[in-house]
Amino acid sequence: MAEINPAFVLQKVKEVTFEDRDVPKLRDEHDVRVHIEQTGICGSDVHYWQRGRIGDFILNSPIVLGHESAGTVVEVGSKVKNLKVGDRVAIEPGVPCRHCDYCRSGAYNLCADTVFAATPPWDGTLQKYYIVAGDYCYKIPDHMTAEDGALVEPVAVAVQICKVADLRAGQSVLVFGCGPIGALCQAVAKGYGASKVIGVDISKSRAAFAEGFGADGVFIPEKPDASLDPVDASRATAERIVDHFGLGEGADVVLECTGAAPCIQAGVFAAKKGGTYVQAGMGQENVVFPITTACIRALNIKGSIRYTTGCYPQAVELVASGKVKPRALITHRFKFEQSLEAFEVVKKASEDTLKVMIAGVQ
């Protein structure tokens with residue numbers, strides 16, 4: 001019997017099915033076929049499942065979900081030189097056009113023609129086999145597990161956020177959010193030599209995890225006084241954080257990884273004059289932003305999305321060296337046949353849920 005390629009497919013909003021598809025063929029001589037062994041679920045996967053769109057990316061036809069994956073190379077194109085059959089790899093899920101000005105400058109995260117796994121209309125990695133450009137696969141050493149390899153993707157996101165911040169050794173870093181990306185930003189910042197890394201989260205369990213993972217200290221904001229103006233309440237929270245951790249005039253670098261308006265506002269108020277504020281979290285599309293404070297303090301305000309040249313190799317190195325240990329984030333593990341159950345767990349967004357992993361088809 002011919003081999004099949006089981007896949008977990010988003011048919012339309014809130015409707016997923018398992019399909020037995022044909023084994024995919026290499027598209028050209030630079031591609032490889034990877035047997036997927038582990039996949040982490042990202043919030044964007046759940047967002048497409050529940051809402052069918054993220055910004056301009058709209059679900060108009062079925063797609064395979066998943067983009068945080070690692071596996072073993074089982075076929076290589078004739079012009080692939082960096083890999084051979086049997087290599088264990090972390091997969092960078094977005095392959096850009098390589099020809100536009102953004103790609104040529106190294107900022108390929110801005111390429112409009114990127115083929116990104118599980119972003120409409122492109123299929124993702126929750127299938128037995130996945131086809132990808134060979135140069136967007138990165139060999140992982142023997143001591144790294146397939147789970148480590150899959151979690152290189154969120155580590156690379158954190159590497160990019162720190163890269164956008166131009167984070168340097170000796171700086172104080174304040175990170176809003178102790179979920180997977182926030183916690184990884186804290187660990188990457190510490191790995192880069194930050195002198196003081198502080199995590200902020202309203203969840204006691206997530207804050208407790210962060211303190212043992214990458215943060216030097218954590219802060220759990222009190223519920224704001226309902227009589228206060230929300231922005232004034234955020235300013236008061238920022239002042240308490242700065243005072244509690246001895247940050248002087250404020251943090252050198254603020255990384256906002258929640259997208260929540262109170263955190264965005266507090267982040268601006270907690271940054272020192274001339275400091276850097278990076279927005280990575282995405283919540284509601286429009287929020288009240290303390291622009292006057294940002295101007296008066298001459299803050300460097302930047303946005304961060306995905307990853308750019310060098311982020312994936314750096315992420316692999318951070319994990320391989322043990323400076324960042326993403327496997328500690330895993331709270332749930334499921335078999336491929338339990339994919340829907342795994343997605344339901346992520347959808348519930350319980351405080352005790354950090355990273356949910358799905359094993360590949362054997």
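The analysis underlying the following values was restricted to heavy atoms, covering all of them including side chains, and did not include hydrogens, waters or symmetry mates.
- Looking at Glu337 and Lys335, no side-chain N of the basic residue comes within less than 4.0 Å of a carboxylate O on the acidic one, giving no salt bridge.
- In this structure a side-chain-to-backbone donor-acceptor pair under 3.5 Å is missing from Gln160 to Cys162.
- Here the side chain of Asn5 pairs no donor or acceptor atom with the backbone of Arg21 at under 3.5 angstrom.
- Within the 3.5 Å criterion, the main-chain N or O of Ala320 finds a donor-acceptor partner in the side chain of His143.
- When the side chains of ILVMFWY residues are joined at heavy-atom separations under 4.5 Å, either directly or via intervening members, Leu340 and Leu126 end up in a single hydrophobic cluster.
- Closest non-hydrogen pair, Ala342 versus Val356, comes out as CB-CG1, 3.9 Å.
- Using a 4.0 Å cut-off between charged side-chain N and carboxylate O, Arg327 and Asp148 make a salt bridge.
- The minimum heavy-atom distance between Lys163 and Thr309, with the atom names listed, is NZ-O, 2.8 Å.
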Might you work through the side-chain hydrogen bond (donor to acceptor under 3.5 Å, both in side chains) test for Gln127 and Tyr129, ending with a clear yes or no? CA-CA 6 Å; Gln127 49 187 314; Tyr129 297 116; over 6 Å; no
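- Rounding to the nearest 0.5 Å places CD1 of Ile63 at 7.0 Å from OG1 of Thr119.
- Other residues, nucleotides and ligands contribute over 12 non-hydrogen atoms within 6.0 Å of the CG atom of Asp352.
- Clustering ILVMFWY residues whenever any of their side-chain heavy atoms sit less than 4.5 angstrom apart, transitively, puts Trp49 in the very cluster that holds Val345.
- A continuous path of Ile, Leu, Val, Met, Phe, Trp and Tyr side chains, each step under 4.5 Å between heavy atoms, connects Ile198 with Phe176, placing both in one hydrophobic cluster.
- Within the model, atoms NE2 of His67 and CD1 of Ile41 stand 11.0 Å from one another, a figure rounded to the nearest 0.5 Å.
- Comment: Lys355 does not engage Glu147 in a salt bridge, judged by the lack of any side-chain N to carboxylate O separation of less than 4.0 angstrom.
- Using a 4.5 Å cut-off on side-chain heavy atoms (C-beta onward), Val268 and Leu299 make contact.
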Check the pair Val16, Phe343 against side chain to side chain contact (heavy atoms under 4.5 Å, CB included), reporting the backbone distance first and the verdict last. CA-CA 10 Å; Val16 290; Phe343 270 72; over 6 Å; no
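- A donor-acceptor pair under 3.5 Å links the side-chain atoms of Ser195 to the main chain of Gln171, judged by distance alone.
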Test side-chain hydrogen bond (donor to acceptor under 3.5 Å, both in side chains) on Ser227 and Asp225 and set out the steps. CA-CA 5 Å; Ser227 65; Asp225 185 339; 2.7 Å; yes
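- Under the salt bridge (Lys or Arg N to Asp or Glu O under 4.0 Å) criterion, Glu211 pairs with no residue at all, not counting sequence neighbours.
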Worked verdict on Leu83 versus Lys139 for side chain to side chain contact (heavy atoms under 4.5 Å, CB included): CA-CA 8 Å; Leu83 298 171; Lys139 287 193 285 188; 3.5 Å; yes
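- Remark: side-chain polar atoms of Thr276 are not paired, donor with acceptor, to backbone N or O of Val253 under 3.5 angstrom.
- Note: Tyr108 and Tyr102 fail the aromatic proximity criterion, with ring centroids not under 6.0 Å apart.
- Considering only heavy atoms from C-beta on, Phe57 comes within 4.5 Å of Tyr48 through its side chain.
- Between the CZ atom of Arg235 and the OG1 atom of Thr293 there is a distance of 4.5 Å, given to the nearest 0.5 Å.
- Taking CG of Leu184 as the start and CD of Glu153 as the end, the distance is 10.0 Å to the nearest 0.5 Å.
- A salt bridge does not link Lys302 to Asp166: none of the charged side-chain nitrogens sits closer than 4.0 Å to a carboxylate oxygen.
- For residues 242-251, there are no side chain to side chain donor-acceptor pair (under 3.5 Å) pairs, not counting sequence neighbours.
- Checking side-chain atoms of Arg240 against main-chain N and O of Phe219 turns up no donor-acceptor pair under 3.5 Å.
- The backbone N or O of Pro141 sits less than 3.5 Å from a side-chain atom of Arg88, completing a donor-acceptor pair.
- The shortest heavy-atom contact between Thr125 and Ser69 is OG1-OG, 2.7 Å.
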Stepwise, does the side-chain hydrogen bond (donor to acceptor under 3.5 Å, both in side chains) test hold for Glu256 with Thr258? CA-CA 6 Å; Glu256 207 298 307; Thr258 72; 2.4 Å; yes
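- Both Val319 and Ile181 are part of a single hydrophobic cluster, where members link through side-chain heavy atoms under 4.5 Å apart.
- A single hydrophobic cluster is not seen to contain both Leu329 and Met357; linkage of ILVMFWY side chains at heavy-atom distances under 4.5 Å, directly or through other members, places them apart.
- More than 12 heavy atoms of other shown residues, nucleotides or ligands fall within 6.0 angstrom of atom CG in Asp20.
- The shortest side-chain heavy-atom distance between Val218 and Asp201 does not fall under the 4.5 Å cut-off.
- Residues Asp87 and Val32 form no side-chain contact, since every pair of their non-hydrogen atoms from C-beta on lies 4.5 Å or further apart.
- Below 30°, between 30° and 60°, or above 60°: for Phe18 and Phe8 the angle between ring planes is between 30° and 60°, a tilted geometry.
- Atoms SG and CG, on Cys185 and Leu174 in that order, are 12.0 Å from each other to the nearest 0.5 Å.
- Shown here for Val242 and Gly248, the closest heavy-atom pair between the two residues is CG1-O, 3.3 Å.
- Minimum interatomic distance between Tyr307 and Ala156 (heavy atoms only, all atoms of both residues): CD2-CB, 3.7 Å.
- In this structure, Val80 and Asn82 have side chains that are in contact, with non-hydrogen atoms separated by less than 4.5 Å.
- Annotation for Ala183 and Phe209: closest pair CB-CE2, 4.2 Å, computed over non-hydrogen atoms.
- Between Lys190 and Asp216 a salt bridge is recorded (basic side-chain N to carboxylate O distance below 4.0 Å).
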List the steps and the verdict of side chain to side chain contact (heavy atoms under 4.5 Å, CB included) for Ile54 and Ser44. CA-CA 8 Å; Ile54 296 178; Ser44 66; 3.7 Å; yes
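- The backbone N or O of Thr353 sits less than 3.5 Å from a side-chain atom of Arg206, completing a donor-acceptor pair.
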Side chain to side chain contact (heavy atoms under 4.5 Å, CB included), that's the test. Do Leu247 and Lys196 meet it? Break it down for me. CA-CA 9 Å; Leu247 297 176; Lys196 185 179 291 186; 3.8 Å; yes
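- Counting only heavy atoms from C-beta outward, the side chains of Ile91 and Ile36 approach each other to under 4.5 Å.
- Tested against Lys128, the residues Glu3, Gln362, His35, Glu37 include a single side chain to side chain donor-acceptor pair (under 3.5 Å) partner, Glu3.
- Rounding to the nearest 0.5 angstrom, the gap separating the OG1 atom in Thr39 from the CG atom in Leu151 is 10.0 Å.
- Taking the side chain as every heavy atom from C-beta outward, Gln38 and Arg333 never approach each other to under 4.5 Å.
- Not one N or O on the side chain of Asn109 forms a donor-acceptor pair closer than 3.5 Å with the backbone of Thr308.
- Atom CD of Glu15 has more than 12 neighbouring heavy atoms from other residues, nucleotides or ligands inside a 6.0 Å radius.
- Listed for the Ser172 side chain is a donor-acceptor partner under 3.5 Å among the backbone atoms of Asp252.
- Residues Tyr138 and Glu317 have side chains not in contact (no heavy-atom distance under 4.5 Å, counting atoms from C-beta outward).
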